[in-house]
Amino acid sequence: MRKTSLIMLGAFLGAGTSMVATQTEFLSGPRAVAASADTYRQLSLFGDVFEKVRTDYVEKPDETKMTEAAINGMLTSLDPHSSYMDSKAFRDMQTTTKGEFGGLGIEVTMEDGLVKVVTPIDDTPASKAGLLANDVITKIDDDQVQGLSLNQAVDKMRGPVNTSVKLTISRKEAKDPIVVSLTRDTIKIKPVRSKVEGEDVGYVRLTQFNEQTYDGMRAAIEKLTSDIGQDKLKGFILDLRNNPGGLLDQAVMVSDAFLDRGEIVSTRGRNPDETQRFSAKSGDLTKGKPIVVLVNGGSASASEIVAGALQDHKRATVLGTRSFGKGSVQSIIPLGGSGALRLTTARYYTPSGRSIQAKGIEPDVEVLQDVPDELKGKDETKGEAGLKGHLKQKDTDERGGSSAYVPPDPAKDKQLISAVDFLHGIQKGAANGTAPAPQPKPSMPN
């Protein structure tokens with residue numbers, strides 16, 4: 001699978017993080033626990049080592065980097081999702097979750113050490129300047145791109161609104177390099193894409209869970225319902241494939257959009273009094289239309305919260321392959337002007353009390369894609385269970401990841417085709433459990 005980055009995103013969401021932004025002060029408050037005498041001895045040992053490195057290392061070390069590395073080492077030893085973010089990484093994370101920032105509006109990928117345009121986003125500086133898919137960016141402000149990482153190239157192209165950047169483009173059809181000057185603008189991330197499948201099915205794809213996701217999904221559902229017509233509409237496909245997650249509150253709101261009552265998710269920390277439960281409010285945006293949720297090995301965290309809630313309430317039929325299996329919640333704890341702490345503080349559970357940690361959501365209907373020969377063996381994710389140091393799931397068999405391949409041609413997308421056929425083959429309300437359910441997990445082999 002190609003590795004892509006959105007300049008409009010500014011930062012990768014990673015393997016999926018359901019995040020709760022907090023304003024907790026670092027190492028303060030009534031919950032602070034007094035360190036034991038042994039802990040103080042270990043801290044004294046750390047101080048001794050730090051001082052020895054600072055004074056005797058062969059070259060003068062960067063003390064700030066040493067401190068940050070020590071903090072990050074401590075956090076990453078806990079689990080794969082806890083980490084330290086310096087001030088820049090913290091700003092990037094805030095940009096990603098807010099869904100709006102200054103940039104150019106290009107989705108890019110790295111291929112053979114070159115930055116290639118996947119697609120320019122409509123009505124952005126990139127599309128207005130005439131950038132095309134498959135253009136290769138060779139220079140940014142006269143600096144060679146080759147040798148930079150994808151993130152470094154993205155950082156160079158982002159910047160304050162109304163500032164300029166010059167790109168040198170190599171295009172197959174053009175004999176000479178093309179030089180374009182672009183003025184950065186406010187780019188709004190569009191985490192929701194929608195279309196009409198056939199003539200009577202509404203398709204809504206969520207690419208991530210940021211602050212714009214629920215509003216974008218609600219607008220998409222309303223438009224699809226209007227375009228198709230309430231009487232003609234067979235149902236909706238909610239595509240969460242390769243959605244790595246995002247904000248917990250958005251996952252709750254998206255789930256609530258299809259439910260009238262009942263628990264959506266609960267989060268449980270170390271202490272029983274830290275348990276939080278999130279419940280649905282009355283009101284279903286689809287007015288009871290059948291729902292099919294698509295998941296695969298790249299569906300993680302917030303995506304699994306939505307799939308699990310709708311599956312447990314029998315509000316939707318989950319179709320595809322087993323999801324990633326990330327069942328933990330990270331709190332973002334600002335540290336003044338020194339960045340932030342991303343700390344795993346709870347596990348989450350579906351309405352029936354299932355923890356999907358290192359196990360994932362099993363689809364009601366398993367449908368496997370036809371994976372091209374050159375990608376076979378490379379299309380499967382490790383899953384949470386394959387991550388070193390992941391939180392263990394007690395008394396439960398852990399499961400690895402599944403295929404995350406989605407064909408670029410919708411005509412070859414067996415999961416999408418199966419979802420449309422499923423909605424056409426059932427009576428109204430069947431995805432709500434009011435009609436005979438499909439055979440459990442029929443498999444369509446490659």
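All values below were derived from every heavy atom in this structure, side-chain atoms included, with hydrogens, water molecules and symmetry-related copies excluded. When a residue number appears, it is its place in the shown sequence, counting from 1.
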With rounding to the nearest 0.5 Å, note down the distance linking [atom1] in [X] to [atom2] in [Y].
| X | Y | atom1 | atom2 | value |
| --- | --- | --- | --- | --- |
| Ile106 | Met157 | CD1 | CE | 5.5 Å |
| His313 | Phe258 | NE2 | CZ | 13.5 Å |
| Ile332 | Phe90 | CD1 | CZ | 7.5 Å |
| Ile189 | Asn210 | CD1 | CG | 5.5 Å |
| Glu197 | Asp200 | CD | CG | 10.0 Å |

Would Thr350 and Val265 count as a side-chain contact (heavy atoms from CB on, under 4.5 Å) if you check the C-alpha gap in whole Å, the side-chain angles of each, and the deciding distance to 0.1 Å?
CA-CA 5 Å; Thr350 71; Val265 66; over 6 Å; no
Close side-chain approach of Val306 and Leu238, heavy atoms under 4.5 Å
yes
Does any part of the side chain of Ile291, heavy atoms only, come nearer than 4.5 Å to the side chain of Thr317, both counted from C-beta?
no
[X] side-chain N/O to [Y] backbone N/O, donor-acceptor pair under 3.5 Å:
| X | Y | answer |
| --- | --- | --- |
| Glu398 | Lys392 | no |
| Ser303 | Asn243 | yes |
| Arg399 | Gly360 | no |

Think Arg342 forms a cation-pi with Tyr84, using NZ or CZ under 6.0 Å from the six-ring centre and within 45 degrees of its axis?
no
Does NZ or CZ of Lys289 lie under 6.0 Å from the centre of the six-membered ring of Phe236, at an angle within 45° of the ring axis?
no
Under the salt bridge (Lys or Arg N to Asp or Glu O under 4.0 Å) criterion, do Asp397 and Lys359 qualify, and how do the steps go?
CA-CA 7 Å; Asp397 292 334; Lys359 184 178 179 182; over 6 Å; no
Charged N to carboxylate O below 4.0 Å: is that the case for Lys412 and Asp370?
no
With Arg322 as reference, evaluate Glu384, Glu362, Glu366, Glu304 under the salt bridge (Lys or Arg N to Asp or Glu O under 4.0 Å) test and give the passing residue.
Glu362
Residues passing the salt bridge (charged side-chain N to carboxylate O under 4.0 Å, His left out) test with Glu380, sequence neighbours excluded, are none
Under 6.0 Å from the NZ atom of Lys223, do we count more than 12 heavy atoms belonging to anything else shown?
no
How would you list, by chain and number, every residue that makes a side-chain hydrogen bond (donor to acceptor under 3.5 Å, both in side chains) with Arg347, sequence neighbours excluded?
none
